[in-house]
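Just so we're clear, the structure is a prediction, and the values are computed from it rather than from any experiment.
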Amino acid sequence: MGKLSGITVIDLSQFLPGPMLTVMMADQGADVIKIEPVAGDPARQMAPFEQDQSVWFRNLNRGKRSEVIDLKSDAGRARLTELIRTADVFVEGFRPGVMQRLGFDYPAVSAINPAIVYCSVSAFGQAGPLAHHPAHDLAVQALSGFLAVNDGADGTPVVPGVPSADMAAGLTGLSAVLMALIGRQRTGRGDYVDIAMFDSLLPWCAHIAGSAIAGGPSPRSATQRSLGGAGFYQVYATHDGRHIALGGREMKFVQVLLTALDRQDLIPLGEADAGPAQAPLIAFLRATFASRSRDEWVAWFEDKDVAFSPVLDFAEALASDHVTTRGLLVEAGGAHQIAPAIRFAGEPDWQPEEAPGLGTTQ
C-alpha cells in the first residue's frame, strides 16, 4: 500500500511536466486515469523504444490506466463528468482557455465535485501578458534568464541538457497538489492550483542571480563562482579528450588538492573573486588535468578528500556501482525504468509497473 492509495487522479496532461507529476503519485499507489485522445499522448511515439513502447512514455506513465475520450463529443463529456464525480485530483496541461471552451475549467469541475483538487500546468500561467504565448522548455528558460547563463566559453547560450522548466513545474505541481489534499482534510473542499513552468523555475536562480534580484546587474558566467568563474567549480579536459569536474569551492578542498600538486602558492587564489583574479589558478589546473587521462585522474584522486568527479555520459552513469547499489535502474520484462527518487523507510523495494497501452489498464 503506497502513501497515496485510495487517491484517484484524472490526468489530461501529455509530454513531460504533467505526466511527471502524476507518475510520482502513481508510484505511491494513486489510481491515475490517463485521459488520452484517439491518437494517444504524443510521447508514445517518441523514440527510442524498448519492448515496443517508448522509453520516455513508459518512465512517465507507468502504473496508470489509460482511457480514450473525445472531449468534444457528448459521450466523451459525459464520461469525463462521471469520472470527476469520484476523483480527488484533476490535472490538465492545455493552453489557458482550452478547458473553459471544453466545459471543464475549475468552476465547472468544482461544481460537479467540490472536493476535487484541480491543477493546471502551463508555460506561463493562466493570466498575464505571456499566458497565451506558445512555449516549451527552451523558450521558458530563455525568457526566465536561465538560458543566458547556460553559455559556452564565448558567452553564447547553448541548448540546455536538462528540461529544467518542465521538471520544476512537475515537482512544484506535485507539492501544490499534496498541500491542497492536506488542506482538504481540514475544510472538506478542494482547491485550484495554477502551476506555470516560468514561475516554478524562477526561484531556482536565488543562489546565482542575487545581484539581479536585488535590482543590480545580471550575473555573467565568467565572473560567477557557480557558473564557471571559479577554478574549483569548473570542468577540465583530460588528455584523452574526456573531462573531469571540480565541484567544491571550500578552502579545505583547495588546500588538499594544491598541496598534493605541490602548488601551495596558488592556494590564496582559491578564495579570490571569481573571474580574472582566478585566471592563473584555472590555467594551471587546465594544463595539469590535460596531462593525464580521465581514468588516471580518477585513480589519483582516490585517496584525496576533494570534491571531484569524472564527467560520465548517461550510459556510464546508469551502469555505475552507485546506481546499481541503490537500485535506481530497474529491469522488468525486458524493459528498463528509473526508480522513484522518493522512498520511505520500512517499505519494500520498489517494483515497476507497466505503462498502459492506449485505452487499457496496462
Side-chain angles (χ1 to χ4, degrees), residues 9-22 34-46 56 60 69-73 76-77 80-81 84 87 89-112 116-150 157 159-160 162-177 179-180 190-205 209 212-213 218:
V9 181
I10 298 173
D11 180 11
L12 278 75
S13 65
Q14 301 179 5
F15 288 111
L16 186 53
M20 192 188 79
L21 186 169
T22 55
K34 184 176 181 67
I35 308 301
E36 299 187 73
V38 174
D41 184 339
R44 288 183 177 275
Q45 308 305 320
M46 300 296 180
W56 170 352
L60 289 208
I69 295 180
D70 179 1
L71 296 177
K72 296 181 180 179
S73 71
R77 287 191 290 269
L80 185 57
T81 299
I84 288 169
V89 178
F90 186 101
V91 178
E92 62 90 7
F94 294 102
R95 279 206 215 178
V98 171
M99 294 308 293
Q100 182 179 27
R101 292 196 297 273
L102 292 171
F104 290 100
D105 59 354
Y106 177 63
V109 170
S110 180
I112 300 168
I116 204 162
V117 173
Y118 190 118
C119 178
S120 294
V121 182
S122 64
F124 300 107
Q126 302 300 302
L130 290 172
H132 296 280
H133 184 68
H136 287 295
D137 180 271
L138 182 62
V140 174
Q141 292 206 43
L143 285 168
S144 62
F146 281 82
L147 193 61
V149 294
N150 194 84
V159 176
V162 176
S164 300
D166 282 332
M167 304 304 280
L171 291 168
T172 304
L174 174 66
S175 300
V177 165
M179 291 176 192
D191 215 328
Y192 177 71
V193 183
D194 174 10
I195 296 295
M197 293 161 59
F198 187 100
D199 301 10
S200 300
L201 182 62
L202 202 59
W204 290 20
C205 77
I213 293 170
S218 295

Looking at every non-hydrogen atom in both residues, tell me the closest pair between [X] and [Y] and how far apart they are.
X: Ala131; Y: Gly125; value: CB-O, 3.5 Å
X: Met20; Y: Leu60; value: N-CD1, 4.2 Å
X: Ile195; Y: Ser200; value: CG2-OG, 3.7 Å
X: Ile84; Y: Phe104; value: CD1-CD2, 3.7 Å
X: Pro19; Y: Lys34; value: CG-NZ, 4.3 Å
X: Ser120; Y: Tyr192; value: OG-OH, 2.9 Å

>> Going by side chain to side chain contact (heavy atoms under 4.5 Å, CB included), Leu80 matches just one of Val109, Leu71, Leu102, Asp70. Which one?
In response: Leu71

Would a distance-only check, ignoring hydrogens and angles, find a side-chain to backbone donor-acceptor pair under 3.5 Å from [X] to [Y]?
X: Asp41; Y: Phe15; result: yes
X: Asp194; Y: Gln126; result: yes
X: Asp137; Y: Ser164; result: yes

[atom1]/[X] to [atom2]/[Y] distance, rounded to the nearest 0.5 angstrom?
X: Ile10; Y: Ile116; atom1: CD1; atom2: CD1; answer: 5.0 Å
X: Phe90; Y: Ile35; atom1: CZ; atom2: CD1; answer: 8.5 Å
X: Ser144; Y: Phe124; atom1: OG; atom2: CZ; answer: 8.5 Å
X: Phe198; Y: His133; atom1: CZ; atom2: NE2; answer: 11.5 Å
X: Met197; Y: His136; atom1: CE; atom2: NE2; answer: 8.5 Å
X: Leu202; Y: Ile213; atom1: CG; atom2: CD1; answer: 7.5 Å

> Is Met179 atom CE crowded by more than 12 heavy atoms from other residues, nucleotides or ligands, each under 6.0 Å away?
Replying inline: no

> Can you check side-chain contact (heavy atoms from CB on, under 4.5 Å) on Val121 and Cys119, steps first, answer last?
Replying inline: CA-CA 6 Å; Val121 182; Cys119 178; 4.0 Å; yes

Contact between [X] and [Y] at the side-chain level, heavy atoms closer than 4.5 Å - yes or no?
X: Gln14; Y: Pro37; answer: yes
X: Ser13; Y: Leu21; answer: no
X: Asn150; Y: Pro157; answer: no

> Checking side-chain contact (heavy atoms from CB on, under 4.5 Å) for the pair Phe146/Val140: CA distance, chi angles, key distance, verdict?
Replying inline: CA-CA 9 Å; Phe146 281 82; Val140 174; over 6 Å; no

